[in-house]
Amino acid sequence: MEVTGALGVRPDRLQLDKLSSLGKWIFETGTKHNFINKTLTALDVEPEPDVEYLLGDRYLDFSLCLVFAFAFPFIRAILRKYVYEPWGRYAMGFGDPKKTDKRMDEAAQAKMRKWCESCWKMTIYIAFTTLALVVCWGEVWFTDSRYWWLGCTRFPPCNLPVSRGLLLFYCAETGFYLQAIHFLTFHEERRKDWLESMIHHVVTSGLLLYSYALNFTRVGVVVILIHDVSDIFLEMAKLARYADREATIGTPAFVVFFLSWVACRVVVFPLFVIRSTLFEPVVLVGAYLGVEPRPHWEIFNGLLILLFVLHLYWTVLIFEVIRKQLRDGIWADVREKDP
């Protein structure tokens with residue numbers, strides 16, 4: 001493959017001979033079609049110093065995710081008993097159990113379970129979105145995807161430092177999704193997209209574990225932030241529906257959810273994240289250091305693309321919700337068994 005100076009690269013510094021045919025194709029395609037900004041490469045950025053880990057090893061520190069996995073169910077149970085259920089009884093008009101002998105029927109109990117489930121998810125998404133913003137804010141790699149890879153002198157695993165804040169975020173997020181698989185299987189309400197939700201949880205857990213092992217944590221935290229922010233408003237809209245507050249809270253929350261969903265998951269995710277993971281590691285780093293991207297290129301991008309396919313599936317469901325809203329004037333989750 002002949003690379004000319006007009007493409008903005010330095011032929012004398014490239015090590016394309018160390019790449020497979022796939023690696024050469026990625027470099028050629030990304031360079032030819034200007035999919036990335038090539039003003040910086042691995043030759044222009046100094047390697048970053050490592051950080052000290054709590055237990056002396058980044059993998060031992062990551063075992064903290066198991067602590068979160070066991071802690072989240074207890075936190076959820078406490079919040080359900082002392083916060084979510086009392087709030088739900090008040091919001092949905094079931095009355096205070098301490099002041100009345102009225103018992104909830106089966107339908108009311110099912111509604112309360114859904115209420116508590118949405119309360120928990122909204123709590124988690126708010127907490128994780130806040131933590132992700134704290135970790136990312138002010139970092140050059142938050143808005144410039146090239147710095148997800150630049151600074152590596154070898155990968156995988158990429159030898160970029162993992163701050164304690166980023167480690168904490170990854171442990172908490174991974175612990176949540178590991179225990180969420182159990183809850184989705186045995187405790188949460190079964191919906192029409194149960195299989196897709198299970199695939200999403202398994203893929204997300206796999207991506208978190210895999211990206212930490214490869215130290216693709218910078219792109220990982222941005223991916224999670226993109227996913228979590230819109231879900232806050234989805235759960236808010238559900239809670240408003242359960243409490244018969246659709247007009248005042250539910251519809252505005254759903255509109256914000258829809259706009260943020262499309263912006264984050266249908267536009268930003270493929271054009272900012274997947275574009276970067278497909279081309280930038282090879283074009284900016286691998287081609288200059290002679291790092292072969294296989295097999296991690298296929299695995300990591302395959303998981304991300306699978307997530308994007310799930311996004312498209314759920315986008316179709318969202319449009320079905322909008323169609324029913326325009327037709328019937330009632331906001332309803334098309335995944336629910338009840339109307």
Side-chain angles (χ1 to χ4, degrees), residues 1 3 5 7-31 35-62 135-136 138-170 207-223 272-301 303-304:
M1 179 182 64
V3 182
L7 295 178
V9 297
R10 289 162 286 186
D12 58 317
R13 305 299 294 274
L14 292 171
Q15 300 188 49
L16 295 180
D17 57 306
K18 295 183 179 180
L19 301 184
S20 65
S21 57
L22 173 64
K24 294 175 182 177
W25 177 84
I26 296 169
F27 177 84
E28 183 179 30
T29 303
T31 302
F35 288 145
I36 62 175
N37 183 346
K38 302 181 293 294
T39 56
L40 288 177
T41 70
L43 302 180
D44 304 308
V45 178
E46 291 291 328
E48 298 185 40
D50 208 341
V51 296
E52 293 184 6
Y53 295 95
L54 299 176
L55 301 176
D57 181 88
R58 62 186 298 268
Y59 294 106
L60 285 177
D61 280 6
F62 193 58
V135 170
C136 294
E139 298 288 351
V140 64
W141 48 263
F142 184 32
T143 54
D144 191 339
S145 63
R146 295 177 299 175
Y147 284 93
W148 295 345
W149 324 104
L150 291 175
C152 285
T153 57
R154 58 171 175 77
F155 61 83
C158 178
N159 57 326
L160 288 173
V162 179
S163 68
R164 291 183 178 180
L166 188 51
L167 170 69
L168 176 64
F169 175 85
Y170 247 74
L207 265 173
L208 285 164
L209 294 167
Y210 188 61
S211 61
Y212 189 83
L214 301 183
N215 198 12
F216 293 168
T217 51
R218 293 181 176 182
V219 58
V221 68
V222 174
V223 168
F272 181 61
V273 175
I274 296 181
R275 174 200 56 81
S276 172
T277 59
L278 285 175
F279 297 104
E280 287 181 341
V282 176
V283 177
L284 300 182
V285 180
Y288 289 94
L289 301 182
V291 178
E292 171 55 44
R294 307 189 73 177
H296 304 290
W297 187 88
E298 295 100 316
I299 297 172
F300 193 63
N301 283 292
L303 291 172
L304 290 176

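Count residues from 1 along the sequence.
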What pair of heavy atoms forms the shortest contact from S211 to Y170, and how long is it? OG-OH, 2.7 Å

Residue pair L16 / A287: nearest heavy atoms and the distance that separates them: CD2-CB, 3.8 Å

When rounded to the nearest 0.5 Å, the distance separating CG of L40 from CH2 of W149 is 16.0 Å

Would you call R218 and E139 a salt bridge, using N to O less than 4.0 angstrom? no

Taking atom SG of C152 and atom CG of L160, what is their separation to the nearest 0.5 Å? 3.5 Å

Result of checking V273, T217, V285 against W148 for side chain to side chain contact (heavy atoms under 4.5 Å, CB included): V273

Take L150 and L284, measure what side-chain contact (heavy atoms from CB on, under 4.5 Å) needs, and give me the verdict at the end. CA-CA 7 Å; L150 291 175; L284 300 182; 4.1 Å; yes

Quick check for you: to the nearest 0.5 Å, what is the distance between L304 atom CG and T277 atom OG1? 5.0 Å

Locate the shortest heavy-atom distance separating F27 from V282; write the atom from each residue and the value. N-CG1, 4.2 Å

Please work out which of the three classes, parallel, tilted or perpendicular, describes the rings of Y212 and Y59, given edges at 30° and 60°. perpendicular

Please check: side-chain N/O of D61 versus main-chain N/O of L167, any donor-acceptor pairing under 3.5 Å? no

Rounded distance [0.5 Å steps], OG in S145 versus CG in N37: 9.0 Å

Do you know the tightest heavy-atom contact between L289 and A42? CG-CB, 4.3 Å

By side-chain contact (heavy atoms from CB on, under 4.5 Å) - contacts of L22 (at least two apart): S20, W25, I26, R294, W297, E298

Between OG1 of T29 and CG of L278, what distance do you get to the nearest 0.5 Å? 10.5 Å

Can a donor-acceptor pair be found, under 3.5 Å and without considering hydrogens, that links the side chain of N215 to the backbone of V162? no

Do you know which two heavy atoms are closest between T39 and R146, and how far apart they sit? OG1-NH1, 2.8 Å

Heavy-atom nearest pair, P157 first then A213, reads CB-O, 3.3 Å

side-chain contact (heavy atoms from CB on, under 4.5 Å) partners of C136, counting only residues at least two apart: W141, F142, V221

Is it true that a side-chain atom of R275 and a backbone atom of F35 form a donor plus acceptor pair closer than 3.5 Å? yes

Could I get the full list of salt bridge (Lys or Arg N to Asp or Glu O under 4.0 Å) partners for R164, not counting sequence neighbours? none

Distance from F279 atom CZ to N301 atom CG, nearest 0.5 Å? 9.0 Å

